[in-house]
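These numbers were taken from a predicted model, which means no experiment stands behind them.
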Amino acid sequence: MSVERGQPQASEWGYRLAAIASHAIEEHRIEKALPSRGYPIADACEPEALGDLLHTTNYDLIVHLYDPESQDVKTLYEGVMRLVDRLTKPLAYLAAFDLNPDQTPWLERAGQAAVVEWNDYIHSNWQSRVQLYSQIPPADQPLLPDQLQNLVTTGIALERDLIAQMGFTFEGTGDAWGFHRTPDRAWEERDQRAQAFEAQLLAETGTVRLTV
């Protein structure tokens with residue numbers, strides 16, 4: 001995949017987003033080829049598993065923000081990118097199983113709290129994700145290099161938008177770039193949900209830990 005100066009890919013964060021998008025696309029292709037072979041939906045797409053992932057993502061994001069080491073922007077950036085990488089794979093699996101733009105009925109099986117997390121982090125980005133993944137052939141069909149590059153370019157914009165929905169923006173390309181947290185009242189609500197999830201973890205396991 002070629003990279004031209006001035007493109008987002010030409011920065012460190014652009015390369016990271018390209019890698020995340022490429023991995024998700026490949027996982028989607030593999031998953032899309034499985035139903036014709038009689039395989040069921042991936043366990044990670046089941047409502048309970050997806051709901052738990054969403055709760056954990058919100059919790060881990062808040063933990064990263066409170067971590068004193070995250071005063072170093074590079075540390076915060078690395079933590080957020082790991083969360084995005086972890087989140088995009090089950091979304092790629094889900095899109096291989098169901099391209100419905102409204103996943104609320106599916107998530108409701110995991111409880112209304114899961115729907116809240118979905119609406120906060122994924123809903124505004126899901127339609128664009130569906131449009132991208134609907135163009136991707138399964139792994140048992142060819143994908144030309146130029147096609148892949150176009151898909152990854154769209155994927156970079158998609159994952160950048162997901163990060164913006166999580167509350168962060170990138171600025172600049174090349175060696176001079178920034179990673180910024182956007183002020184938003186949503187952080188207070190996310191904090192409250194994270195505290196509730198932490199209390200649940202303590203009640204169920206007796207321990208609390210950062211999961212990524």
If Ile, Leu, Val, Met, Phe, Trp and Tyr residues are connected whenever their side-chain heavy atoms lie under 4.5 Å apart, and connections chain through other members, are [X] and [Y] in the same group?
X	Y	answer
Trp177	Leu17	yes
Phe97	Ile30	no
Val116	Leu53	no

(message) Under a plain distance cut-off of 3.5 Å, with no hydrogens placed, do Asp191 and Gln195 share a side-chain donor-acceptor pair?
(response) yes

(request) If a pair satisfies salt bridge (charged side-chain N to carboxylate O under 4.0 Å, His left out) and one of its residues is in residues 100-125, list it, with sequence neighbours excluded. (result)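 Qualifying pairs: Glu117-Arg193, Asp120-Arg190, Asp120-Arg193.
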
(message) Under the salt bridge (charged side-chain N to carboxylate O under 4.0 Å, His left out) definition, can you give me all pairs with a residue in residues 35-53, not counting sequence neighbours?
(response)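 Every salt bridge (charged side-chain N to carboxylate O under 4.0 Å, His left out) pair that includes a residue of residues 35-53, provided the two are not neighbours, is Arg37-Asp140.
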
Under the side chain to side chain donor-acceptor pair (under 3.5 Å) test, which residues partner [X], sequence neighbours left out?
X	answer
Glu204	Gln200
Ser128	none
Asn150	none

Considering non-hydrogen atoms only, spot the tightest contact between [X] and [Y] and give its length.
X	Y	value
Leu61	Met166	CD2-O, 3.8 Å
Ala110	Gly51	CB-CA, 4.5 Å
Ala114	Leu107	CB-CD1, 3.8 Å
Ala139	Ala33	N-CB, 3.9 Å
Ala21	Val152	CB-O, 4.3 Å
Tyr121	Leu162	O-CD1, 3.5 Å

(message) If the condition is salt bridge (charged side-chain N to carboxylate O under 4.0 Å, His left out), which residues does Lys32 pass it with, not counting sequence neighbours?
(response) none

Sequence neighbours excluded, which residues qualify as side chain to side chain contact (heavy atoms under 4.5 Å, CB included) partners of [X]?
X	value
Asn119	Val115, His123
Thr169	His180, Thr182
Ala92	Ala24, His28, Tyr133
Gln131	Gln127

(request) Starting from Tyr39, walk the hydrophobic network (Ile, Leu, Val, Met, Phe, Trp, Tyr; side-chain heavy atoms closer than 4.5 Å) and list everyone else you reach, by chain and number. (result) Leu34

Just how far is it from atom [atom1] of [X] to atom [atom2] of [Y], taken to the nearest 0.5 Å?
X	Y	atom1	atom2	value
Asn58	Gln192	CG	CD	11.0 Å
Ile62	Thr57	CD1	OG1	11.5 Å
Asn125	Asp161	CG	CG	4.5 Å
Phe168	Leu83	CZ	CG	9.0 Å
Tyr93	Leu50	OH	CG	12.5 Å
Leu132	Leu158	CG	CG	6.0 Å

Show me the donor-acceptor pairs within less than 3.5 Å that the side chains of residues 72-79 make with the rest of the protein, sequence neighbours left out.
| residue | atom | partner | partner atom | Å |
| --- | --- | --- | --- | --- |
| Asp72 | OD1 | Lys74 | N | 3.0 |
| Tyr77 | OH | Glu12 | OE1 | 2.4 |
| Glu78 | OE1 | Arg16 | NH1 | 3.0 |
| Glu78 | OE1 | Arg16 | NH2 | 3.3 |
| Glu78 | OE2 | Arg16 | NH1 | 3.3 |

Min side-chain heavy-atom separation [X]-[Y] under 4.5 Å:
X	Y	result
Met81	Arg86	no
Trp118	Trp106	no
Leu91	Arg129	yes
Pro138	Arg29	no
Leu54	Leu87	yes
Leu65	Arg181	yes

(request) Go through Trp187 and Tyr66 one step at a time and tell me if the ring-ring contact (aromatic ring centres under 6.0 Å, His included) criterion holds. (result) CA-CA 12 Å; Trp187 287 112; Tyr66 282 135; 9.7 Å; no

(request) Look at the rings of Trp13 and Phe170 and say which category their plane angle falls in: under 30° parallel, 30 to 60° tilted, over 60° perpendicular. (result)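 Taking Phe170 first and then Trp13, their aromatic rings lie parallel (interplane angle under 30°).
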
(request) Could you go through the side chain to side chain contact (heavy atoms under 4.5 Å, CB included) check for Tyr59 and Glu198 one step at a time? (result) CA-CA 8 Å; Tyr59 175 74; Glu198 181 178 69; 3.4 Å; yes

(message) Counting only heavy atoms not in Gln141 (residues, nucleotides, ligands), do more than 12 fall under 6.0 Å from its CD?
(response)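 Yes - once you tally the heavy atoms of other residues, nucleotides and ligands closer than 6.0 Å, there are more than 12.
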
